[in-house]
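Bear in mind the structure is a predicted one, so any value in this text is a computation, not a measurement.
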Amino acid sequence: MRWWDIDPVLELEKDLFPEDAWSRGMFWSELAHARGAEATRRYLVAEVTGDQYEGGVRVIGYAGLATTGDQADIQTIAVARDHWGTGLGATLLTELLGAASEFECAEVMLECRVDNVRAQKLYERFGFAPIGFRRGYYQPGNVDALVMRLTTDPDTGSAAGSTSVQGTEFND
């Protein structure tokens, strides 16, 4: 993800997370830590191309990971509604787990809305296990978060297998 992706990402963010959408400043802040030798973040966008899209490109998903020491935290994963069920969420998660391996993280954490069963099933498929709750984490809706953790496989340095979605391009 680069600065020019923020506007289309914000449109998708507001559609998918209307009550607790990130702001432009939040994305700028995260991207400020995603480049250079001292980078601690990895943010991706998934795009499709076609003449029917303004500028010939449409952002259909995005994802972000923050690291500190040997721990990574999945900040966000989002997929456009018309691409649900295509495997794009799994592909984005695979990319983030690969980034966690590149950052040499031993574990990956995340929070997921307790009412987002679809996302929980995806994370469980990748080996994430529930470890607790954060009451009222998502505001202003006062929705609890399920905290999940994945410990990387010490033999491979990788926490997940690979998957792909044809016709989707990733940019970080």
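- Salt bridge annotation for Asp15-Arg81: present, with a cationic side-chain nitrogen under 4.0 angstrom from a carboxylate oxygen.
- Salt bridge annotation for Glu95-Arg42: absent, with no cationic side-chain nitrogen under 4.0 angstrom from a carboxylate oxygen.
- Surrounding CD of Glu104 are at most 12 heavy atoms belonging to other residues, nucleotides or ligands under 6.0 Å away.
- If you chain together hydrophobic residues whose side chains sit under 4.5 Å apart, Val147 and Leu96 never meet in one group.
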List the steps and the verdict of side chain to side chain donor-acceptor pair (under 3.5 Å) for Gln71 and Asp73. CA-CA 7 Å; Gln71 186 178 51; Asp73 190 75; over 6 Å; no
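- The shortest heavy-atom contact between Ala34 and Ala39 is C-CB, 3.8 Å.
- In terms of modelled atom types and a separation under 3.5 Å, the side chain of Thr94 and the main chain of Ala90 share a donor-acceptor contact.
- A continuous path of Ile, Leu, Val, Met, Phe, Trp and Tyr side chains, each step under 4.5 Å between heavy atoms, connects Ile77 with Met26, placing both in one hydrophobic cluster.
- Hydrophobic clustering, with ILVMFWY side chains joined whenever heavy atoms are under 4.5 angstrom apart, keeps Val117 apart from Leu110.
- Contact record, Tyr138 with Ala145: CE1-CB, 3.6 Å, taken as the closest heavy-atom pair.
- One hydrophobic cluster, built from ILVMFWY side chains closer than 4.5 Å, cannot hold both Met109 and Leu146; they sit in different ones.
- Distance check, rounded to the nearest 0.5 Å: CD of Glu111 to CG of Asn116 gives 13.0 Å.
- Here the closest non-hydrogen pair linking Glu30 and Ala66 is OE1-CB, 4.4 Å.
- Val57 belongs to no hydrophobic cluster with other residues, because no ILVMFWY side-chain heavy atom falls under 4.5 Å from its own, directly or through intermediates.
- Under a hydrophobic-cluster definition in which Ile, Leu, Val, Met, Phe, Trp and Tyr are linked whenever side-chain heavy atoms come within less than 4.5 Å, directly or via other members, Val9 and Phe17 are assigned to the same cluster.
- The minimum heavy-atom distance between Val108 and Phe128, with the atom names listed, is O-CE2, 3.5 Å.
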Review item, side-chain donor-acceptor pairs of residues 118-126, under 3.5 Å, at least two apart:
residue: Gln120; atom: NE2; partner: Arg113; partner atom: O; Å: 3.0
residue: Gln120; atom: NE2; partner: Val114; partner atom: O; Å: 3.1

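- For CH2 of Trp3, the number of neighbouring non-hydrogen atoms (other residues, nucleotides, ligands) closer than 6.0 Å is 12 at most.
- Pairs of residues two or more places apart, or lying in two chains, that qualify as side-chain hydrogen bond (donor to acceptor under 3.5 Å, both in side chains) and include a residue from residues 53-67 are Glu13-Tyr62, Arg58-Asp82.
- Contact between Leu92 and Ala46 at its shortest, heavy atoms only, is CD2-CB, 4.5 Å.
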